[in-house]
> 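Please read through the structure below; I'll follow up with questions.
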2 protein chains.
Amino acid sequence: MSQLSTKSHTEAIMGLAGAKSGDRGSPNPCEACAVRGLSVCSALEPEDLPRLDRIVSHIQVSPGQLVFLEGDPADHLFVLTDGCIKLYKMLIDGRRQITGFLFPSDFLGLAMRERYAFSAEAVAVSALCRFPKRQLEQLLVEIPALERRLLGVASNELAAAQDQMLLLGRKTAQEKLGSFLHSLLRRTAPRSKAQDRIHLPMSRADIADYLGLTVETVSRCFTRLRKDGVVDFTTPQDVLIRDLGMLSDLSGVSDEY
Amino acid sequence: MSQLSTKSHTEAIMGLAGAKSGDRGSPNPCEACAVRGLSVCSALEPEDLPRLDRIVSHIQVSPGQLVFLEGDPADHLFVLTDGCIKLYKMLIDGRRQITGFLFPSDFLGLAMRERYAFSAEAVAVSALCRFPKRQLEQLLVEIPALERRLLGVASNELAAAQDQMLLLGRKTAQEKLGSFLHSLLRRTAPRSKAQDRIHLPMSRADIADYLGLTVETVSRCFTRLRKDGVVDFTTPQDVLIRDLGMLSDLSGVSDEY
DNA sequence: CGTATACTTGAATTGAGTCAATAAGTGTGG
DNA sequence: CCACACTTATTGACTCAATTCAAGTATACG
């Protein structure tokens with residue numbers, strides 16, 4: 001288990017990244033980006049997009065592949081354009097806490113100083129835009145709107161982190177699962193056709209490590225939610241929400257202001 | 001328990017704040033501020049300080065008094081200059097999770113959009129500088145270094161939030177207490193005379209709600225740490241670190257990179 | 001088609017919680 | 001200064017939600 005070694009693993013991806021970047025025919029891919037309007041990039045005026053194109057490269061990662069490892073020099077920032085990424089921290093004995101799942105348009109790389117504070121690993125086949133930190137920092141100076149936007153993203157992430165602390169510290173296993181499904185629904189439903197269906201790209205073990213539980217408890221709680229008529233499973237990865245009211249009650253948060 | 005009402009409680013303090021602000025003799029108190037070099041204000045050049053003085057007011061809060069309540073309109077940002085503040089979120093049934101303790105020089109008010117995402121309440125008699133959000137945002141536009149600094153603060157807080165998620169989701173009660181003492185030592189020792197003593201301004205109940213435990217478990221774990229020779233208590237609020245090595249081991253984090 | 005992997009289910013165990021009592025401070029007023 | 005009430009912290013006995021250990025079942029894959 002060399003997961004916590006301080007050796008940089010970012011290089012492993014860089015070759016792939018270069019290849020992928022070179023493959024692209026379009027001279028300004030940012031303009032055609034599917035998540036542009038949703039991500040931090042929306043802070044840019046159309047005429048500024050080429051400046052982003054100049055410093056961006058594109059990488060792809062397969063399930064289980066690392067984007068970076070906790071402790072690696074934090075040389076790059078990312079925007080996830082497709083797939084799903086998990087972020088996690090580990091204790092020396094292997095206990096793991098997943099601190100977040102990223103979905104398309106999410107920004108990656110805020111919680112860092114000189115080195116990444118957590119590891120990032122692909123859950124599904126994923127595509128990311130990669131920005132060299134130095135060059136992006138230069139852009140921040142030139143485009144204040146981008147920095148403002150980044151502060152907004154950080155603010156949202158901090159609020160989400162506090163919700164997760166409330167979940168981890170004070171909710172029951174059943175409530176944790178309910179909250180998890182509820183927040184996934186809010187994040188992914190807008191971009192999906194079926195408003196009452198959730199696809200779970202991550203394993204039960206990932207869900208357990210995100211909620212501070214074990215796989216067995218996750219499985220048991222899912223079964224109970226199914227028996228109570230709150231949800232149903234087409235496959236273990238595909239959830240149908242049958243009673244949104246009950247799910248909201250379980251998640252413990254009355255409603256958003 | 002009207003703790004979660006959406007009515008603003010900020011007004012209760014504003015009268016006090018005005019009085020306190022008026023009391024001050026100095027025309028530019030920021031210049032003489034004890035925590036200036038440590039807080040976000042250090043991003044300002046000396047010649048910019050008067051601009052901060054123009055929009056700042058000073059408030060004081062007693063233990064148990066609210067600075068603001070979750071859901072209040074987020075009209076102000078703060079810098080803690082003295083004392084200790086706890087931040088928390090609650091579930092409808094009263095379960096509480098403290099998401100952080102603030103100490104002098106800490107910034108308050110990042111995790112918010114239109115409304116505060118958590119409540120802030122004084123643990124000890126505390127003094128804060130209060131900045132109207134609109135006016136501070138204007139300053140951010142004019143002083144890019146301030147915005148850069150704020151992004152750095154947000155980055156640090158996000159990293160701390162992830163450490164706390166690891167603690168809440170995966171550490172044992174004993175490890176939680178060890179980590180808590182260890183991080184308090186790192187935060188407050190540099191500013192204190194005794195490098196091996198920690199003062200705990202918060203109650204056992206606050207510590208429990210911060211670590212996702214009960215008061216009884218906190219008490220039992222403290223007793224065990226004492227019996228194991230890791231710490232000793234002069235009073236229930238004053239801890240003497242007797243074996244820093246053991247404490248570090250317990251906290252589970254090998255070391256900082 | 002066999003084998004590894006992921007998920008589910010059951011039985012036994014346990015770490016932390018709940019309930020209850022005691023002890024130690026803290027402050028108030030006589 | 002002491003007696004009283006009140007809050008905070010500690011300790012003990014018992015309980016339980018979630019974990020651990022152990023099968024079993026389904027699903028994907030070479």
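Note on naming: letters A, B, ... go to the chains in the order of the sequence lines (proteins, then strands), and numbering restarts at 1 for each one.
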> Are the side chain of B:S105 and the backbone of B:S39 linked by a donor-acceptor contact shorter than 3.5 Å?
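Not at all, since once roles are kept as given, no pair shorter than 3.5 Å links the two residues.
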> For B:I207 and D:dA9, what is the distance between atoms CD1 and P respectively, to the nearest whole Å?
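Atom-to-atom, B:I207 to D:dA9, this comes out as 8 Å.
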> Atom CG of B:L168 to atom P of C:dA16: distance rounded to whole Å?
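Atom CG in B:L168 sits about 13 Å away from atom P in C:dA16.
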> So do the side chains of A:E175 and A:F180 get within less than 4.5 Å of each other, counting heavy atoms only?
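No, every pair of side-chain atoms sits at 4.5 Å or beyond.
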> Evaluate the ring-ring contact (aromatic ring centres under 6.0 Å, His included) criterion for residues B:F118 and B:Y88: first the C-alpha distance (whole Å), next the side-chain angles of each, then the deciding distance (0.1 Å), finally the verdict.
CA-CA 6 Å; B:F118 50 81; B:Y88 62 87; 9.0 Å; no
> Please report the distance, rounded to the nearest Å, between CZ in B:F222 and P in D:dT10.
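To the nearest whole Å, that distance equals 8 Å.
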> Quick one: are the ring centres of B:F101 and B:Y210 less than 6.0 Å apart?
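Ring centres of B:Y210 and B:F101 closer than 6.0 Å.
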> Rounding to an integer number of Å, can you tell me how far A:R95 CZ sits from C:dG15 P?
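My rounded result for the distance is 13 Å.
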> Identify whether the distance between the nearest side-chain nitrogen and carboxylate oxygen of B:D106 and B:R187 falls below 4.0 Å.
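Looking at B:R187 together with B:D106, the answer is yes, because their closest N to O distance falls below 4.0 Å.
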> Please determine if A:R130 forms a cation-pi arrangement with A:F78, meaning its NZ or CZ atom is less than 6.0 Å from the six-membered ring centre and no more than 45° off the ring axis.
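Cation-pi check for A:R130 and A:F78: fails.
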> Take the protein atom CZ of B:R204 and the nucleotide atom P of D:dT11, then report the distance between them rounded to whole Å.
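So the two atoms are 11 Å apart, to the nearest Å.
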> Within this structure, what is the CZ-to-P distance between B:F233 and D:dT8, rounded to whole angstrom?
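Rounding to the nearest Å, CZ of B:F233 and P of D:dT8 are 18 Å apart.
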> Base contacts versus sugar-phosphate-only contacts with protein, heavy atoms under 4.0 Å: please encode nucleotides 25-30 of chain D as B, S and - from 5' to 3'.
------
> Counting any heavy atom closer than 4.0 Å, what does B:S219 reach on the DNA or RNA strands: base, sugar-phosphate only, or nothing?
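Result for B:S219 = base.
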> Between B:R191 and B:P104 (side chain of the first, backbone of the second, donor and acceptor by atom type, cut-off under 3.5 Å), is there such a pair?
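Side chain of B:R191 to backbone of B:P104, a donor-acceptor pair under 3.5 Å: yes, one is there.
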> Need one value for B:T223: base, sugar-phosphate or nothing, where a base atom within 4.0 Å counts as base even if backbone is also close, heavy atoms only.
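B:T223: backbone/sugar contact only, no base atoms under 4.0 Å.
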> Below 3.5 Å is the cut-off: list the nitrogen or oxygen pairs between protein and nucleotides 17-19 of chain D, distance only.
residue: D:dA18; atom: OP1; partner: A:A173; partner atom: N; Å: 2.9
residue: D:dT19; atom: OP2; partner: A:T214; partner atom: OG1; Å: 3.2
residue: D:dT19; atom: OP2; partner: A:T217; partner atom: OG1; Å: 2.2

> Between C:dG15 atom P and B:L177 atom CG, what is the distance in whole Å?
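In whole Å, C:dG15 P lies 16 Å from B:L177 CG.
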> Identify the two heavy atoms, one from B:V123 and one from B:P201, that lie closest to each other, and give their separation to 0.1 Å.
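Nearest heavy atoms, B:V123 then B:P201: CG1-O, 3.3 Å.
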> CE of B:M202 versus C1' of D:dA9: gap in Å, rounded?
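About 16 Å, once rounded to whole Å.
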> Counting distance only, does the side-chain N/O of A:Q97 pair as donor-acceptor with the main-chain N or O of A:D209 below 3.5 Å?
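Side chain of A:Q97 to backbone of A:D209: a pair is present.
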